[in-house]
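First comes the structure, then the notes that go with it.
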Number of protein chains: 2
Amino acid sequence: MTTVAEPKTARGRERKSAIITTAATLMYERGVRATALDDVLDYSDSGKSQFYHYFSSKDDLVAAVLEYQLMTVLGELRGFRLDTWSGIRAWFDALLEGQEQREFRGCPVGSLAVELSACGPDMQRRVADAFSRWESALARGLASMKARRALDRSARPEALAEATLAAIQGGYVLSTAHHGVGPMRTALDTAYSRLRASRPRE
Amino acid sequence: MTTVAEPKTARGRERKSAIITTAATLMYERGVRATALDDVLDYSDSGKSQFYHYFSSKDDLVAAVLEYQLMTVLGELRGFRLDTWSGIRAWFDALLEGQEQREFRGCPVGSLAVELSACGPDMQRRVADAFSRWESALARGLASMKARRALDRSARPEALAEATLAAIQGGYVLSTAHHGVGPMRTALDTAYSRLRASRPRE
DNA sequence: AGCTTATTGTACCCTTCAGTACACTACTTG
DNA sequence: CAAGTAGTGTACTGAAGGGTACAATAAGCT
């Protein structure tokens with residue numbers, strides 16, 4: 001059978017997830033296209049047969065990696081109260097910290113997004129969806145701030161979230177290019193003060 | 001001889017530049033890695049021998065394409081007075097227009113940058129350099145505005161330029177992902193109002 | 001013309017890599 | 001234990017793609 005199957009045992013699940021996390025790392029470091037399946041299998045101590053047991057193709061794996069990276073990002077997000085100023089600031093600081101630790105390699109989701117934007121419509125949908133979910137998480141926090149009057153009534157949480165996410169992505173791009181956090185810090189500081197500018201005026 | 005040579009005749013120059021522009025288009029549409037040399041040669045009606053006459057490798061071509069795309073961007077930039085509010089706004093609008101016309105494919109320089117960030121240090125330097133030149137062009141405009149008091153004395157043109165470029169890049173990323181100008185418009189509108197917020201307070 | 005340099009055509013080599021075939025082991029359940 | 005299902009090892013195929021070899025043609029230049 002060449003049909004794909006979900007893992008049915010604990011061992012199977014571990015295998016599959018080992019493949020995904022290994023692929024995520026390699027694709028993050030080298031890019032999707034520059035990552036050979038064989039490398040993923042070597043690093044995760046798997047074989048071709050195991051791979052095609054759980055995935056139908058490389059694209060299938062890429063989709064899984066995208067989902068995995070989004071989950072990682074959203075998971076980290078949950079560690080912060082995005083409905084408070086200090087929470088948002090702390091999140092920004094954590095993003096900076098993370099970017100530094102990962103040696104300025106860029107956004108795990110964003111760099112995938114850019115490379116996959118030239119792929120088929122199916123992949124494009126997934127990418128768009130990923131950003132939407134990220135943006136919503138932020139928008140929810142801002143909406144909640146607005147509800148309790150921490151943001152001005154004229155403030156538009158969705159637009160603010162969109163602009164903030166853009167600043168984050170742009171910060172990642174420049175920070176990666178210049179191999180330093182400087183540009184990202186500038187971008188995030190600016191984004192933060194832009195948010196603060198939406199506090200209610202008395 | 002396998003050594004590279006600069007074209008010495010008009011025909012040679014045309015050939016070389018045809019290869020570069022064709023490669024630029026294909027790499028922009030498909031990505032660098034997804035663009036085969038053979039495709040570039042087919043589309044530009046050239047042969048392998050011609051290619052390796054003018055370029056030492058694919059990487060060499062990629063570097064030329066990066067430079068070409070940067071020149072295109074900076075060339076467009078020169079059509080606007082970046083030391084006036086209306087000029088900046090017009091430039092932003094032109095970026096939006098361009099992104100729409102090119103079917104939301106992203107920034108010609110930025111998408112290269114992201115994909116090439118995983119390449120060798122030489123390429124990284126070129127990418128960083130490209131963004132620096134872009135940023136400087138903008139910073140010069142803002143510095144000139146500050147000099148004639150169109151910006152507050154506390155404004156930092158370099159930081160503003162950096163944050164603006166980040167907003168542009170982030171806008172491109174989200175706009176490409178969502179296949180629409182919406183996110184980019186939001187990012188640029190926000191960036192613009194951020195700049196306007198640096199006007200001198202009386 | 002004759003010599004030199006610039007440009008071009010074509011066939012080829014070799015590696016990488018996604019995907020397949022097929023046989024094998026290991027666990028589980030009756 | 002037998003049988004079935006989940007998981008695994010390995011060798012192979014075929015195409016794509018970067019790069020080379022080498023000879024041929026075109027365009028000066030004296």
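Per chain, numbering begins at 1; letters A, B, ... match sequence-line order. This is a predicted model, so every value here is computed, not measured.
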- [ ] Take the C1' atoms of the five end pairs on each side of the helix from dA1(C)-dT30(D) to dG30(C)-dC1(D), derive the two axes, and give their angle rounded to 10 degrees.
- [x] 10°

To the nearest Å, how far apart are [X] [atom1] and [N] [atom2]?
X: Leu61(A); N: dC17(C); atom1: CG; atom2: P; answer: 15 Å
X: Asp45(B); N: dG9(C); atom1: CG; atom2: P; answer: 9 Å
X: His53(B); N: dA23(D); atom1: NE2; atom2: C1'; answer: 15 Å
X: Arg13(B); N: dA6(C); atom1: CZ; atom2: P; answer: 13 Å
X: Arg15(B); N: dA26(D); atom1: CZ; atom2: P; answer: 14 Å
X: Asp60(A); N: dA18(C); atom1: CG; atom2: P; answer: 14 Å
X: Arg30(A); N: dC17(C); atom1: CZ; atom2: C1'; answer: 13 Å
X: Leu41(B); N: dT7(C); atom1: CG; atom2: P; answer: 16 Å

Task: From dG9(C), dG9(D), dT7(C), nucleotide with atom closest to Ser49(A) side chain - done: dG9(D)

Task: Nearest-0.5 Å distance, CG of residue Leu77(B) to CE of residue Met71(B) - done: 12.0 Å

Charged N to carboxylate O below 4.0 Å: is that the case for [X] and [Y]?
X: Arg125(B); Y: Asp122(B); answer: yes
X: Arg156(B); Y: Glu162(B); answer: no
X: Asp39(B); Y: Arg30(B); answer: yes
X: Lys48(B); Y: Asp38(B); answer: yes

TODO: Would you kindly check if the NZ (Lys) or CZ (Arg) of Lys16(B) is within the cone defined by 45 degrees around the ring axis of Phe55(B) and under 6.0 Å from the six-membered ring centre?
DONE: yes

Task: Partner set under ring-ring contact (aromatic ring centres under 6.0 Å, His included) for Tyr54(B), not counting sequence neighbours - done: none

Task: Pairs touching residues 69-78 of chain A that satisfy salt bridge (charged side-chain N to carboxylate O under 4.0 Å, His left out), sequence neighbours left out - done: none

Open item on the list: Can you see if the side chain of Gln50(B) gets near the phosphate of dT7(C) - specifically, an N or O under 4.0 Å from OP1 or OP2?
Closed with: no

- [ ] Return no unless some side-chain N or O of Tyr54(A) is found under 4.0 Å from OP1 or OP2 of dA6(D).
- [x] no

Task: Parallel, tilted or perpendicular, as decided by the 30° and 60° cut-offs, for the rings of Phe131(B) and His178(A) - done: tilted

Please tabulate the protein-to-nucleotide N/O contacts below 3.5 Å involving nucleotides 24-29 of chain C, giving atom names and distances.
none

TODO: Name all pairs fulfilling the ring-ring contact (aromatic ring centres under 6.0 Å, His included) condition that reach into residues 94-116 of chain B, sequence neighbours left out, sorted by first residue then second.
DONE: Phe104(B)-His179(B)

Open item on the list: Just to verify, which of Thr21(B), Val32(B), Thr35(B) counts as forming a side chain to side chain contact (heavy atoms under 4.5 Å, CB included) with Leu26(B)?
Closed with: Thr35(B)

Under-3.5 Å N/O pairs linking protein and nucleotides 14-19 of chain D:
residue : atom : partner  : partner atom : Å
dG18(D) : OP1  : Lys58(B) : NZ           : 3.1
dG18(D) : OP2  : Leu37(B) : N            : 2.7
dG19(D) : OP2  : Tyr52(B) : OH           : 3.1
dG19(D) : OP2  : Lys58(B) : N            : 3.0
dG19(D) : O5'  : Tyr52(B) : OH           : 3.3
dG19(D) : N7   : Lys48(B) : NZ           : 3.0
dG19(D) : O6   : Lys48(B) : NZ           : 2.9

